[in-house]
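This report concerns only the one structure given below.
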Amino acid sequence: MKESKDDEAIILPSLMSYRDIAIHDFVPPPAGAIEDRAARRRRRRIVTGAAFAAALIGASTILLVRAVPPNDRQELISPSSSPALTTSPAGPTSGPELIPTAVMLSTLDLWDSGAAVIDGEKGGWQLESLKPHCVNVPGAHPGSAPPRSGSRERTLKKAGAQVWQVVHRSDEARERLAMEQAREFLRWCPGVTIDGVNQPLQIIAEGFAGQESFIVRLAARNWVFVRDGELSTQILFQNGETLQEMRNVGRKAARRFCHAFTPNC
Amino acid sequence: MGTATGAPPRAREPGFADCYYASYGRLAAQLNAYLGDAAAAEDVVQEAFLRAWQRWNRISGYEDPVAWIRRVAWNLATSHWRRVVREARLARHHREATSIEMSVPENVTLIAALRKLRPNHRRVIVLHYLTDLPVAEIAAELNVPRGTVLSWLHRGRADLAAHLRNAKEGENA
C-alpha cells in the first residue's frame, strides 16, 4: 500500500501538470471545417446509396426485360427507368487542373521534415466560414467572392500543427475583386463570438508579398491573403506562427505563383 | 475571398461549435497521452466530432454529449493503436522514431514514459487521472471487472513511476 502511495506521489504532479497545460497545445481547427467535412461525407453517402439503388434497379430491369418476350420489351424500357439519370456526380467542378500542384505550398515551405500533405479536402476553414459567428454586423452581407475558373485546396500537417491553403485562378480583375471583397467582409464583420467570447477580427499586416497581400487575425488564428496576377491564395495558420514566419510563407506562395506562370520570374 | 459558392450559409447545428471549442483541447490531450502521437490524437478527436455533428440532434439532448464524443474517440484510438501494433514496422517507428512535440519539456517526459506502458495500463491511467473517471465507470466502459481495473491501475502506476524516476535520474546524471 505504501509503495502505491509513493508511486502516486511521483506520477500525480506530472499528470496534473499535463492535464492543465497540454490542452493549450491543441488548437481546434475552425468548427466550420468539421461541419463541412461531415456534410460532405453525408452527401457522398447519399450519392453512393442512390447509385447502389439505381444499379440494383438497372440490374432488375435487365433481368426482367430478358424474361419478357421480345415483342413486349419496348413497353418496359421507358426513360424513367434509366438508372444513369440518378447517378451523375454531385457538386460543381472547381477546375483544379488549372492550378498545377507546383503552385501550392509544399511542406518544406513550412517545416524542415516530418510533415504530410493532404489534397482534396474542401472548404469550411476560410475566413468566409466565420460569417455565422459575426457580431455587430451593419446591414446586409457584402456578398460572396466571384466564381473562379479553378480552385485547389490542400492541408499541410505535422504533429500538433496544421496549415490550410486554397489557391484560386480566374482573371486578374476577378481576383482583385475577390481580395477587395475579403476586405469588405472585414469591414462588415468587425468581430465574432467564439465559445461565448467576442473576438475582434482585424488586419495585422499588409503589402508583404505578390501584388497585394494582407493578414487577418482572430485570436490564435491568422489568415494570409496573397494575390499575384490571376492567382490568389488564402492560408490559415493557427499554430502560434510569428508574423515574420507568416509573411515569409506568403512570399513563398507568391514566388510559386510567379515561377509557375512566368518563365523569367 | 474563400470559396465562392454563392450559396446562402448553411444552418449550423446550434450548440455544436460551443461544445467543440470547449472540449477539443482536453480530449486531444487525453488521446495524445494514450496514443503518444499528437497528429493521430487530433485525427481521432476530429473524426469523433465529425460523427457527433452528423447525429447532433440526438446527442445534444444527452446529459453529457462530450462523454459520447470521448467514447467514440477512444474507440477510434483503440482501433488505431491495434493497427499500429499489428504492423510491426510502424510499431517500431512509433516507439522509437516519432518525435514528441509538446510546449512544455515535462510533458514530453511524461508522454515518453506513458508510451512505455502496456496499452491497458496506459488506458486506465489516462482515463482515471486525466479524464477523472472513477474506477467503476472505467470498468463499465471497458467491460472488465472492477478488480481488473484496480490491478491495471496498480501496475500502471508502478511502471509509470519507475519510468519517470529513470528519466529524472537520467537528467541529473
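Every chain is numbered from 1 and lettered A, B, ... according to where its sequence line falls, protein lines coming before strand lines.
Put simply, CD1 on A/I34 and CZ on B/F16 are 6.5 Å apart, with the number rounded to the nearest 0.5 Å. Atoms CD and CD1, on B/E106 and A/I21 in that order, are 7.5 Å from each other to the nearest 0.5 Å.
Proximity to chain B is absent for every atom of A/E175, based on heavy atoms less than 4.5 angstrom apart. The part of B/I125 that comes within reach of chain A is its side chain, from C-beta onward, which places non-hydrogen atoms under 4.5 angstrom from that chain. For chain A, no part of B/A113 is nearby; none of its heavy atoms comes within less than 4.5 Å.
The heavy-atom pair separating A/S14 from B/L164 by the smallest distance is OG-CD1, 3.8 Å. The heavy-atom pair separating B/Y21 from A/A31 by the smallest distance is OH-N, 2.8 Å. Shortest non-hydrogen contact noted between A/A38 and B/Q54 is O-NE2, 3.4 Å. Here the closest heavy-atom approach between residue B/A17 and residue A/H133 is recorded as CB-CE1, 4.2 Å. Of all the heavy atoms in B/A38 and A/F26, the pair that sits closest is CB-CE2, 3.9 Å. Between A/M16 and B/Y129 the shortest heavy-atom distance is CE-O, 3.4 Å.
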- Check the pair B/D132, A/R19 against side chain to side chain contact (heavy atoms under 4.5 Å, CB included), reporting the backbone distance first and the verdict last. CA-CA 10 Å; B/D132 285 333; A/R19 193 177 64 174; 2.7 Å; yes
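Using a 4.0 Å cut-off between charged side-chain N and carboxylate O, B/R165 and A/D7 make a salt bridge.
No side-chain donor-acceptor contact under 3.5 Å links A/Y18 to the backbone of B/L130.
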